[in-house]
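Every chain is numbered from 1, with letters handed out A, B, ... down the list of sequences.
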There are 2 protein chains.
Amino acid sequence: MDELDRRILNRLQSDGRCSYADLGRLVGLSVTAVKERLDKLQRNDVLRRYSIIVDEKKVGYGVLAFVFIGIDDPEDCAAFERQMLEIPQVQECHHVTGGFNYLLKVIANDMSRLEDLLLQRIKLPGVVSRSETTIVFSSPKNSPFVDCVANGA
Amino acid sequence: MDELDRRILNRLQSDGRCSYADLGRLVGLSVTAVKERLDKLQRNDVLRRYSIIVDEKKVGYGVLAFVFIGIDDPEDCAAFERQMLEIPQVQECHHVTGGFNYLLKVIANDMSRLEDLLLQRIKLPGVVSRSETTIVFSSPKNSPFVDCVANGA
DNA sequence: AGTGAAAGATGTCCGAA
DNA sequence: TTCGGACATCTTTCACT
């Protein structure tokens, strides 16, 4: 992974359809060289996948929330994680430091749906002992962009 | 936006390079009809952009953290938001409910870089009065996938 | 690791229903 | 909105440096 790979990855994050020819012009390589580099980056799972970015609000998810989860018995953690993997509205589930065990990023159609989701599928009885929900008013910044260039490595 | 659009958006999220022909077969439409729908979804900003998903760890970001920020003077909020927009390592900045004002999602090369980032560019003197940082050990789930189908709308 | 050229697949534009 | 066809562009492979 050199500077050229990083520039290519940055470009594709902002335009996933940028052609090999355009990428080549950007970094000064031929079409074939660019493709070879991307194939290798994909084999090494640096490039996980090509995708699109969808506006959550416009497809019906009006509410975004972060939920801290406390689990007293460490034996329950595996089951909890399995459950989180199955709920599409749970976009992220992080194992974290601090007074709680997990931090979830959750999207829902509206407050009422979020309430249902938390009560029925997330705060599992006998597993989740405590939780703390933070609702997002608005997001001045919400972009999955990973800057591969502005990176000390 | 109907069921067909939603199925197309879901497919493109998991494979951003899926061809119009394949998408057409998936939903029972012609190449042209699929393109026309996607053009419209993009004009309406439902489809924000095509992109790629990069492994943060593999490009050098070994640390992920969530940082709550408290700002006492509401007049300082605009300046704070402007600053967050300029820091690539701040992936998300949410205005939130609860005891703090903002919740940030931050990536950094290592703990030392995170420390520098927080002290020098995020906890602005005279603006940020309190902060609370939660470090992520691991992420059982960390996918920007927005399920457009499993959606009551 | 890099290149150019050829072949096949895909994106894009058009006129029509 | 949808379709099929024609043309331009892109992806992919190959032989070679």
Side-chain angles (χ1 to χ4, degrees), chain A residues 1-60 144-153, chain B residues 1-60 144-153:
Chain A
M1 273 249 340
D2 60 9
E3 178 72 13
L4 268 44
D5 284 327
R6 283 191 271 270
R7 297 232 302 271
I8 291 171
L9 291 174
N10 267 13
R11 186 79 171 82
L12 280 175
Q13 281 185 86
S14 41
D15 176 13
R17 283 188 142 187
C18 189
S19 70
Y20 294 144
D22 282 342
L23 292 170
R25 267 184 287 275
L26 189 70
V27 299
L29 285 176
S30 69
V31 168
T32 317
V34 170
K35 177 179 160 41
E36 183 50 44
R37 278 166 177 263
L38 281 168
D39 286 349
K40 181 180 276 188
L41 287 167
Q42 205 156 13
R43 278 196 302 275
N44 297 342
D45 279 317
V46 178
L47 197 180
R48 281 247 185 80
R49 64 166 192 267
Y50 289 80
S51 185
I52 57 169
I53 305 206
V54 165
D55 188 311
E56 300 167 0
K57 299 249 156 102
K58 299 215 169 153
V59 295
F145 192 89
V146 177
D147 195 321
C148 303
V149 173
N151 162 347
Chain B
M1 272 253 333
D2 60 11
E3 178 71 13
L4 269 42
D5 285 327
R6 284 191 273 270
R7 299 231 302 270
I8 290 172
L9 292 174
N10 268 12
R11 187 80 171 81
L12 281 175
Q13 282 184 88
S14 42
D15 176 14
R17 283 187 141 186
C18 188
S19 69
Y20 293 145
D22 282 342
L23 291 170
R25 268 184 287 276
L26 189 70
V27 300
L29 285 175
S30 70
V31 168
T32 319
V34 170
K35 176 177 163 42
E36 183 51 43
R37 278 167 177 260
L38 281 168
D39 285 349
K40 179 181 278 189
L41 287 167
Q42 206 155 15
R43 278 196 302 275
N44 297 342
D45 279 317
V46 179
L47 196 178
R48 282 247 184 80
R49 65 167 190 268
Y50 289 79
S51 185
I52 57 169
I53 308 222
V54 164
D55 188 311
E56 299 166 0
K57 299 249 156 107
K58 299 215 171 157
V59 296
F145 192 90
V146 177
D147 195 320
C148 304
V149 172
N151 163 343

- Message: Measure CG/A/N44 against P/C/dA1 and give the value in whole Å, please.
- Response: 11 Å

- Message: Looking at B/R17, I'd like to know whether one of its side-chain N or O atoms comes within less than 4.0 Å of OP1 or OP2 on D/dT11.
- Response: yes

- Query: So what does A/S19 touch, heavy atoms closer than 4.0 Å: a base, only the sugar-phosphate, or nothing?
  - Reply: sugar-phosphate

- Message: How many whole angstroms separate atom OH of A/Y50 from atom C1' of C/dG11?
- Response: 16 Å

- Message: Between C1' on D/dT11 and CD on A/E36, what's the gap in Å once rounded to a whole number?
- Response: 14 Å

- What integer distance in Å separates B/D22:CG from C/dT10:P? 7 Å

- With respect to the phosphate group of C/dA9, does any side-chain polar atom (N or O) of B/Y20 fall under 4.0 Å of OP1 or OP2? no

- Item | Euclidean distance, atom CG of residue A/L23 to atom P of D/dT12 [Å, nearest integer] | 13 Å

- Message: Rounded to whole Å, how long is the line connecting atom CG of B/D39 with atom P of D/dT1?
- Response: 12 Å

- Message: A side-chain contact here means heavy atoms from C-beta on lying under 4.5 Å apart; do A/L12 and A/L38 qualify?
- Response: yes

- Item | Between C1' of C/dA1 and CZ of A/R37, the distance in whole Å | 8 Å

- Which nucleotide in the list C/dT3, D/dT1, D/dT2 gets nearest to the side chain of B/K40? D/dT1

- Between CD1 on residue A/I52 and CD1 on residue B/I52, distance to nearest 0.5 Å: 15.0 Å

- Hey, does the side chain of A/Q13 reach the backbone of A/V146 with a donor-acceptor pair shorter than 3.5 angstrom? yes

- Check whether any side-chain N or O of B/R11 sits under 3.5 Å from a backbone N or O of B/L23 as a donor-acceptor pair, and report yes or no. no

- Item | Proximal nucleotide (of D/dT11, D/dG4, C/dG4) relative to the A/V31 side chain | D/dT11

- Rounded to the nearest Å, what distance is computed from the CG atom of residue A/L29 to the P atom of nucleotide D/dT11? 15 Å

- Message: Does C/dT12 have its OP1 or OP2 closer than 4.0 Å to a side-chain nitrogen or oxygen of B/K35?
- Response: yes

- Item | Residues A/D2 and A/R37 bridged, charged N to O under 4.0 Å | yes

